[in-house]
Structure formats: structure tokens, C-alpha cells
Amino acid sequence: MIARTALLALLPIVAAIALTQRRRLTAIIGMGLFSFLLAVSYLLLHAPDVALTEATIGLGLITAIYVLAIRRTGRLTVVADEAPGLFVREGDRIVGLEHEILARFARHLGLDLSVQFVPHRDVADLVRSGEADVGAGGWVLGEEAGVFATRPHLDTALFTVGGTKEGTGEGVPRVRYEGYFADLDPKSLYTAETPVTLDLARFLAVQRSDVPDDSVTRHPQPRGYAFVVNGRRRDLHSALDAYIERLREDGELDRLAGRFLA
Amino acid sequence: MRPRPFHLLAIVCTVCVVLVVLLAFHSVDPETAPHATYVERPVAETGATNRVASVYLNYRLYDSLLELLVFFVAVLGVRFYLGARERPDVPPLAESEVVRTSAALLFPLAVLLGVYLAALGQISPGGGFGAGVIAASGLLLTSIALGIDAIDRRIRRNAMERIERGALLVLLLLMLLPLPLGRPAFADLLPKGAPGAVLSGGSIPLYNVLIALKVVAGAWLILRSFVRHRGEI
């Protein structure tokens, strides 16, 4: 009798917990727990047949089907370093060309966009390990192998700033700025001994504070900004590529670039 | 689509089946059919010690028939809407050795539990529906561990479809069999047996096993359609 009353009191509580979960997996497990408690209640009410059905269908089959169903849905996880005009924090909002493209792409797929800011050097690793779906934040095409880059969505260039001019020859830049862009101090950049390579968006932002022109070298090869995707996620890669291509054909990409980078 | 003779035949058959089922329901007289006193009635009347089973597979067998028809239509609907576009290669989940081993251990247990519940539904709690779902869950667990292709190689889809439809057809014929013998439809023709024995309760064990077969095949066809349709488990 006490057990039955306790169970009956617990049922609405568990139901409320399951309903208020933001994570879908937790909500599904909450529903499974609810079914289990319901099955026990049926058993205590001397209805073992109903309890058996509730346990097999409510706790077993339904939970399994829901878990399988949410595997594909859910979130699009993006890791990025801040890049002026492309991926910028503004108060508690995030703005920028790349963020806008990815937000629209996520909406297009019916996913929630989830953004995590990381240092530039960690972007590729997190995408490669599968912890993030897409890497962004001023990623320049050809910077690193091992991950899938989408076709470039915007032209850019690389600039080497400071240090001696020996490290600025042809080919891949030697020292790319790898930390959080927010931590970069422009003044120290020009006095530092090792040269630092920046992409166009970051370079322009740094340049606004006074720059001695003679310490800057532009890399001759044309470059482009791109997103990086895990090599195993071919479907995501081709979908993102196709989506960018569509934005470009509509002229929407140019409009967005004008809006965020003008 | 142009109507073909086959379509006409199918329509005529459907109308006949509906008429026969309606006739069967008509042959059950609500005044003489026991309803209010199921619990007080002696076990000897059905031969089943599980009174729940004696209600839904004897006194109220037609309720169960309609439930089966609903399930049949659900399977048909899923197969119709998802069956057209099937992806050929569905990779298994990259699961750990733990999942693979426990799936291999649990699958025979799930099947055994299903058989037990279906075969002894007349004595103890259980029955065909729950038994079928448990066995189908075992199949689902195995497909998560080994991939759906591994199951398709062992159990052909056609075989599952035949089991699913065949079990329903046999059940329908069994339930209507009393009609030509001069008894009301859904009447129990088999001997009651000693209450508590495995072979007791008249037709109840037979119905339970057939329902279990139908439910495991139907539930598996639905799950398989979902997985095949989206191309991953």
C-alpha cells in the first residue's frame, strides 16, 4: 500500500522531469523510467499482463526506437576561433559571415546550431576526432591536411607580420597565429621576434591599430576561406558544399559578405 | 493506373472477407455471450488459469482479432510509404566489443523468453503480443551490434512477410472455422485440457503462438523499414 502510494506520487514527478529535459536523450531515458515505474505500479495492482506489455513496449521498444530516431537529428556542432567579420562575439550573440552561413545551413537541415569557441590550432583536431561537426573561424584553404575542407566561400590572402623577413617565402606560412584571436595584442606583434602569419580578416583588424608597413609581407598565392568537416562525414561535407554553392548562385553570398565585411 | 483483372479479384476478395467477418460478428449473440461474470466463472469453462488470457483469447477473441488487424494495417502502411526507397548497404554501428558480446548473449535469452511467454500465456502472465515484441527487440539489439545486413542474410525479408501475412490468415481461418461447423464464430473447438498444464486452455496456446509469430515478423518489418529507409541504423 505504501509502495503503491509512493509510486503513484513519483509518476507525475518523473513525467515532469522527462518533459522538462532539454537534451533529447535524457528526456527519452526519463520516459523509459516513467514506463518502468508504471509497469511496477501495474504489477502492484495485480495486473501482471498489463505490466509485462508496458515494460516490453513502453520501456523496451519505444525507448529503442526513439534513441535510434534521435541519432541523426539533434545538433550541428561548430568549433571556431573568433575572426573579425566572419565569426565574432557581440555581447551574447554571435555574428559574422561564416556564422550566418552555418546558422542558415543548420536551419536548412533542421538542426540546432551549437557553437564552441576554441583556439585556432584546436579546430582541426576537434573536427578530426569527431567531437565537432564543422570547423570555422577564418580557416584558410590548404592550411592543414587530414580534414575535409569545403570549397572556399570567400577569397582571402595571408600576411606575415613582424619578425625578420626570412620566414616569409613561397609556400605554406611557417608560424600561423594559433591561439585565441581575442588574446592577440597587435602592438606586441610587430615587436615580436618570430613572424606571425595572419589571414586577411584578422590582418585588417590588426592593421587598424597603427602598423609599420615595412614589417608586412603578403603571400603571393591566392587563398580562400573554407569550412572544415570530418573526413568520415561525406554526406555533411557534400551537403555544406552544395549549400554554399547555392548561396553563391543566388547572389546571397555576396550580399552577406557585403553586410558583414563592408 | 489502369484497372487490371488482378485488382478486381483483390477488391472482390476484400469485400468477401469483410462480409464474412461481419457475419462472424453477427453470429456472436451478446445476450448469450458471457461478459459480466468473467472473473467468477470457473477456470473449467476455458481451461486457462490465466483469466486475462481467457478473456482476450476466448470470450472476447474478436477484440484481439481487431487489434491484430490494426497492427496489420500499421505494418502495411509503413511498408507502403517507406518500402519504395531502400538503401542497399547499411553499415553496422561502430559499436564496442561489449555491445557485440552482450547482444550475442541476450539474443537467445530474448527469443527464449518470447517462446516461454507465448507458449505458457494460458497459465501465467504473458501472451503473444508481448512475446513477439520481446523477440523483435532481440532482433533489433542484434542488428545494432552486427548490422542489418547480417540479419537480412539469415532471415529473408520475403520470409518475414510471408510469416506476417500467413499467421494472420491462419488466425482468421481458425477463428471462422466454427461457422461451417454450425457453431458461432470465435467458439473454441479444441479440448480444454487440465488447467495448469502446458496444453490447456483450448485454442489459447495456438492463438498465442500465431500472434507471437505475427507480431515478431510485423515489428521487425517496421524496424527494418525505418533503418533501410534512412540508410543507417
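So you know, we letter chains A, B, ... as the sequences are listed, proteins then strands, and number each from 1.
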**Q** Might you confirm whether atom OH of A/Y243 has over 12 heavy atoms from other residues, nucleotides or ligands at distances under 6.0 Å?
**A**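 Result for OH/A/Y243: enclosed.
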**Q** Taking atom CD1 of A/I57 and atom CZ of B/F129, what is their separation to the nearest 0.5 Å?
**A**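 These two atoms lie 9.0 Å from each other.
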**Q** With a 6.0 Å cut-off (strictly less than), is the heavy-atom count around CZ of A/R248, excluding the residue itself, greater than 12?
**A**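 Check passes, neighbour count above 12.
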**Q** Just checking A/F117: does its CZ atom have more than 12 heavy atoms from other residues, nucleotides or ligands closer to it than 6.0 angstrom?
**A** yes
**Q** Flag yes if more than 12 heavy atoms outside B/R162 fall under 6.0 Å of its CZ atom; otherwise flag no.
**A** no
**Q** Return the option, out of A/P48, A/G60, A/A51, with the maximum number of heavy-atom pairs under 4.5 Å with chain B.
**A** A/P48
**Q** What's the shortest heavy-atom distance between A/D49 and B/G126, and which atoms?
**A** OD2-N, 3.3 Å
**Q** Report, as yes or no, whether the 6.0 Å neighbourhood of atom CG on B/L172 holds more than 12 heavy atoms from other residues, nucleotides or ligands.
**A** yes
**Q** Below 4.5 Å from any heavy atom of chain A, which atoms of B/I222 appear? Answer side chain, backbone, both or neither.
**A** neither
**Q** Highest number of heavy-atom pairs under 4.5 Å with chain B: which of A/I65, A/V50, A/T56, A/T53?
**A** A/T56
**Q** Are any non-hydrogen side-chain atoms of A/L61 and B/L223 less than 4.5 angstrom apart?
**A** yes
